[in-house]
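Okay, so here's the structure we're looking at.
Order of listing sets the numbers, starting from 1, for every ligand and every atom in it. Nothing here was measured: the structure is a model prediction, and the numbers come from that model.
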Amino acid sequence: MRLMRNTMQLKSQMKLSKTIEEIRADFPILSMKVHGLPLVYLDNGATTQKPEQVIRLMDELYRTANANVHRGVHFLSDIVSEKYESARETVRAFINAQKKEEIIFTAGATASINAVAFSFGEKYVREGDEIIVSEMEHHANIVPWQMLCGRKKANLKVIPFTDEGVLDLEAYRGLITDRTRIVAVTHASNVLGTVNPVKEIVAHAHRHGIPVLVDGAQSIQHGVVDVSDIDCDFFVFSGHKVYGPNGIGVLYGKEKLLNDLPPYQGGGDMVANVSFRKTTWNELPFKFEAGTTNFTGAIALAAALDYLTALGREAVAEREQSLLERATAGLSSLRGLRIYGTAPRKVSVVSFLPGDIHQYDAGMILDKLGIAVRTGTHCAQPVMERFGISGTIRASIAFYNTEEEIDALVKGVRKVTEMFD
Ligand code: PLP
């Protein structure tokens with residue numbers, strides 16, 4: 001994985017293909033004012049803003065290319081089907097999957113994980129089997145596995161993390177037994193920012209013949225993700241977190257595994273033949289795409305990925321790392337402020353608490369200053385439990401954020417602490 005490769009090396013080499021002014025002009029919402037002040041949008045981990053190229057394309061699709069995908073021989077249906085399959089190829093190339101058939105369009109990362117938990121669980125998980133997740137997972141990568149364990153009387157085991165927010169790999173190796181059926185782990189933590197050594201985690205599981213699902217919801221937007229290099233068996237992400245629309249996501253799975261798994265939803269398009277005697281499944285990827293998919297979303301997602309590729313994905317990562325360093329340094333200089341997640345390899349996410357001030361109070365004051373941050377548990381309650389806190393403030397940074405916006409955040413948090421002093 002080249003995500004956040006040595007930034008020193010990148011510094012001299014990588015250049016965005018546009019200036020920051022040109023980039024910001026691509027995102028109409030960034031010039032908005034809230035409470036009479038310029039919007040400072042630092043909630044990109046929750047959802048990213050959309051460039052004009054994506055917004056315009058969606059509008060154009062509904063105006064000029066709307067028909068049900070794969071369902072007709074007429075002109076419009078042909079156009080949409082072609083664009084949809086071309087979007088699949090864009091996703092394949094973006095994550096470097098071997099085959100287009102390994103890319104399944106879903107409603108998002110959550111839907112993708114649920115699909116695997118159901119299909120894989122149906123086929124391979126029995127009473128007394130074990131599933132491994134980590135303590136830093138988003139609820140989306142915990143609850144579907146817990147539900148599976150409930151159905152099958154299987155057990156969920158948890159890889160702990162250190163005070164810095166680094167996964168304890170020795171503990172991970174110790175958790176694997178001959179009952180382990182699958183490992184599901186996040187590529188990057190949505191709270192701590194930690195980039196996990198997924199390649200190493202996968203290699204170890206594979207030595208025991210165990211497949212691994214990697215949750216890429218917080219990694220796909222921050223650099224170059226290469227599923228062939230990671231060698232993971234499943235990889236999931238959401239369109240809305242990578243500058244695409246919401247309601248669209250991706251499940252990547254290795255062809256052999258996907259072929260072996262039963263479908264998780266029945267309906268149109270996922271079947272080869274239907275009769276009351278016997279129904280047979282369509283081939284990949286359609287076997288896992290029951291019903292009318294979000295084809296407009298898939299085509300617009302491909303446009304978002306193209307946007308990032310044209311901008312320069314490594315340059316995006318480099319810019320975000322530099323903004324992360326600025327935010328971390330600025331916030332760390334504030335008296336009494338604690339940062340949660342200080343791993344050596346992070347995506348551009350900073351979670352913090354300014355002294356004893358409640359995160360909601362701080363978040364509301366920041367909002368009045370035009371600064372959008374996330375407050376609360378970030379759908380990762382076990383992380384909060386690990387630190388014995390009720391929540392954090394999270395600033396999640398994108399390449400379109402500016403140095404001035406980072407400084408505005410630091411200034412805003414300083415103001416919050418002064419008000420409470
Ligand atoms: N996994 C991680 C690490 C996330 O941060 C999120 C959302 O924040 C999800 C999964 C779920 O994504 P979605 O709600 O788009 O399905």
Using a 4.0 Å heavy-atom cut-off, which part of Glu137 comes near ligand 1: side chain, backbone, both, or neither?
neither

Applying a heavy-atom cut-off of 4.0 Å, say which part of Lys241 lies close to ligand 1: side chain, backbone, both or neither.
side chain

Is Arg151 close enough and on-axis enough to Phe118, meaning under 6.0 Å and within 45°, for cation-pi?
no

So if I count the atoms of ligand 1 from 1 in the order they appear, which ones are less than 4.0 Å from some heavy atom of Asn190?
5 (O)

Atoms of ligand 1, numbered as shown, that sit under 4.0 Å from any heavy atom of Ala217
1 (N), 2 (C), 4 (C), 6 (C), 9 (C), 10 (C)

Hey, is Arg63 close enough to Asp59 for a salt bridge, meaning N to O under 4.0 Å?
yes

With the threshold set at 4.0 Å, does a side-chain nitrogen-carboxylate oxygen contact exist between Arg374 and Asp43?
no

Counting heavy atoms only, which of Ala107, Ser238, Ala188 comes nearest to atom 12 (O) of ligand 1?
Ser238

Which residue and atom name correspond to the protein heavy atom nearest [atom], and how close is it?
atom	result
atom 3 (C) of ligand 1	Asp215 OD2, 3.5 Å
atom 5 (O) of ligand 1	Gln218 NE2, 2.8 Å
atom 14 (O) of ligand 1	Thr110 OG1, 3.6 Å
atom 4 (C) of ligand 1	His138 CD2, 3.3 Å

Is Asn141 in contact with ligand 1, taking contact as a heavy-atom separation below 4.0 Å?
no

His187 near ligand 1 by a heavy-atom separation under 4.0 Å:
no

Tell me whether the count of non-hydrogen atoms from other residues, nucleotides or ligands lying under 6.0 Å of CD in Glu82 goes above 12.
no

Kindly check if the number of other-residue, nucleotide or ligand heavy atoms within 6.0 Å of CD (Glu403) is above 12?
yes

Passing candidate, side chain to side chain contact (heavy atoms under 4.5 Å, CB included) with Leu213, options Asn141, Val183, Asp233:
Asn141

Donor-acceptor pair, distance only, cut-off 3.5 Å: does the side chain of Lys346 make one with the backbone of Gly341?
yes

If you measure every N/O of Thr186 against every N/O of ligand 1, is any gap under 3.5 Å?
no

Please tell me whether Thr48 and Gln221 have a donor and an acceptor in their side chains that are separated by less than 3.5 angstrom.
no

